[in-house]
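Take a look at the structure set out below.
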Amino acid sequence: MAGKQSPCPNDPGGDWPSSPAAAIEIQRRLAGQVRIEPLDVDSVERVAAVDMSFPGGRAVMHRLPAAGLAAAVVYDLRRSEVIESVFVTGEVHMPYIPGLLSFRECPLALEALHCLRTTYDVLLADGQGRAHPRRMGIACHLGLVLDVPAIGCAKGILVGEVQGKLGSRRGSRAGLVDRGETVGMAIRTRSGVKPVYVSVGHRVDLASAAALVERTLGRYRIPEPLRQAHIVATQMRRRGV
DNA sequence: GCGACAG
DNA sequence: ATCTTGTCGC
């Protein structure tokens, strides 16, 4: 358990739309700004990851504004440990709408990332990157706003279908294709366990993204940086912050 | 109209 | 995403 773990004062983000129509318009405009290029995965030393957690059961879940908690960590690949961990709490003003997740989570997620004092080489987001109906998932959004290499790693599919048959052994891969375009990669991170879906967020290409994710794997299905961010987000919420 | 649908 | 204990299996 290395690294610190402290709350961070909230700060104003950018201006975020509250209507689905406005959000979709923004996605159409931003999608063309995503840059796909190779990333030198072998030289990556620090990987940042963000995840969110929300309180309450179905009763208060879809009530807005809602309380949310975003956690961000920086993971050192060489030492295989978290070197910094932060979190922020705040209000979420958008409901969860498939395809518009970034507008619900980005404001708080960005606040958390802004609190990090450690620099990092690439950002991992819990969700899709280009494997999105408008090629503008949360990983693309975060990567564009911060102008950092970003990768989306989702536990489920939003659009597209796995090409062919994905092997059951760890390390097996299969393309994720949507409307004739390979938008992501299904990767079996543990033998006999459901795969994760990796896609380009920003300033990386699919091959680099897949390689980076595999470099961050520990003994679990979810890449270690993301798994750690998820643990922080969940524990801080249950601790009643 | 019906089914799908990241977190 | 969240509510939850034990339990079956490699």
message = What is the distance, to the nearest angstrom, from the NE2 atom on His132(A) to the P atom on dA4(B)?
response = 20 Å
query = Considering only side-chain heavy atoms of Leu158(A), which listed nucleotide, dC3(C), dC5(B), dT2(C), is closest?
reply = dC5(B)
inquiry  = Quick test of your reading of the model: are Arg79(A) and Glu45(A) salt-bridged, counting only N-O distances below 4.0 Å?
reply    = no
task = Between dT2(C), dA6(B), dA1(C), spot the one nearest the side chain of Arg237(A), thanks.
result = dT2(C)
ask   = Out of dC3(C), dA1(C), dA6(B), which has the shortest distance to the side chain of Phe54(A)?
value = dA1(C)
inquiry  = Salt bridge or not between Arg135(A) and Glu181(A)? Use side-chain N to carboxylate O under 4.0 Å.
reply    = yes
message = Main chain of Ile231(A), side chain of Thr234(A): is a donor-acceptor contact present, judged purely on distance under 3.5 Å?
response = no
ask   = In whole Å, what is the span from the CE atom of Met94(A) to the P atom of dA1(C)?
value = 18 Å
request  = Tell me what Gly152(A) touches on the nucleic acid: a base, only sugar-phosphate, or nothing, going by heavy atoms under 4.0 Å.
outcome  = nothing
task = Check the distance between dT2(C)'s P and Asp126(A)'s CG and give it to me in whole angstrom.
result = 10 Å
message = Does this structure show an ion pair linking Asp51(A) with Arg227(A), if we count only N-O contacts that are shorter than 4.0 Å?
response = no
key: Whether Tyr197(A) stacks on the six-membered ring of dA6(B) base, 5.5 Å and 30° limits   = no
